[in-house]
Amino acid sequence: MDFLLRPIGMDFNDKVFNIIKKIPKGETLSYKDVAEKAGNYRAWRAVGSILRKNYNPAIPCHRVIKSNGELGGYNRGTAQKSSLLKKEGAIS
DNA sequence: CGTATGACGTGCA
DNA sequence: GTGCACGCCATAC
């Protein structure tokens, strides 16, 4: 529960992190999908903003990709992201 | 409190 | 399929 250091309410932030943590190995979800599960599918913008500024080692945020199938971005580098996804079998 | 920005998504040419 | 512009929410300054 490292991410519990978030502001009061943790409505969106907490939900997003919780969802990402629940992503099974080898599976990937899009920012839009995560935002929708978080309660606001229109917040996929905020999802990226939050993850970008708050990278948690307990959060497999590398499993969150764009809806168009692109990996999107990653605080540690897209190369790392693609490598992890390949290792997990999430992508070819 | 207001403005600017961003790991995006969708629409249109 | 590619390129450009607009819109959305949350966060940071």
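Labels below follow one simple rule: chain letters A, B, ... track the order of the sequence lines, proteins then strands, and each chain is numbered from 1. Only a predicted model underlies this, so the values are computations on that prediction, with no experimental measurement involved. Below, all heavy atoms of this structure are taken into account, side chains as well, without hydrogens, waters or symmetry copies.
Between the P atom of dA7(B) and the CZ atom of F17(A) lies a distance of 15 Å, rounded to the nearest Å. In this entry the distance linking NZ of K66(A) with P of dG6(B) reads 15 Å, nearest Å. Atom P of nucleotide dA10(C) and atom NZ of K15(A) are separated by 11 Å, given to the nearest angstrom. Note: CG (N40(A)) to P (dA10(C)) measures 6 Å, nearest angstrom. Regarding Y41(A), its OH atom lies at a distance of 10 Å from the P atom of dC8(C), rounded to whole Å. In this structure, NZ of K53(A) is placed 7 Å from C1' of dT5(B), rounded to the nearest angstrom. If you measure from atom CD1 of I65(A) to atom C1' of dA7(B), you get 12 Å, rounded to the nearest angstrom. The CG atom of L51(A) sits 12 Å away from the P atom of dA12(C) (whole-angstrom rounding).
Among the nucleotides dA10(C), dA7(B), dC8(C), the one closest to the side chain of N75(A) is dA7(B).
Judged by closest nucleotide on DNA chain B, A46(A) is the one of S67(A) and A46(A) placed further toward the 5' end. Positionally, the nearest nucleotide of DNA chain C for W44(A) lies more toward the 5' end than for the other of W44(A) and V47(A).
For residues 74-83 of chain A, the set of pairs meeting the side chain to side chain donor-acceptor pair (under 3.5 Å) definition, not counting sequence neighbours, comprises Y55(A)-Y74(A).
An OP1 or OP2 oxygen of dC8(C) is reached within less than 4.0 angstrom by no side-chain nitrogen or oxygen of R42(A).
I65(A) and V16(A) fall into different hydrophobic clusters, where Ile, Leu, Val, Met, Phe, Trp and Tyr are joined by side-chain heavy atoms under 4.5 Å apart, directly or via other members. Connection of I23(A) to L85(A) is not established within any shared hydrophobic cluster, with ILVMFWY side chains joined at heavy-atom distances below 4.5 Å, either directly or through further cluster members.
Residues Y31(A) and L71(A) share a closest heavy-atom pair of OH-O, 4.4 Å.
Looking at residues 27-36 of chain A, you'll see Y31(A), K32(A) sit with a heavy atom under 4.0 Å from some atom of DNA chain B.
Within the 3.5 Å criterion, the main-chain N or O of D14(A) finds no donor-acceptor partner in the side chain of N18(A).
Among K32(A), E36(A), K66(A), the single residue meeting the side chain to side chain contact (heavy atoms under 4.5 Å, CB included) criterion with W44(A) is K32(A).
Salt bridge status for E88(A) with R63(A): present, with a side-chain N to carboxylate O gap under 4.0 Å.
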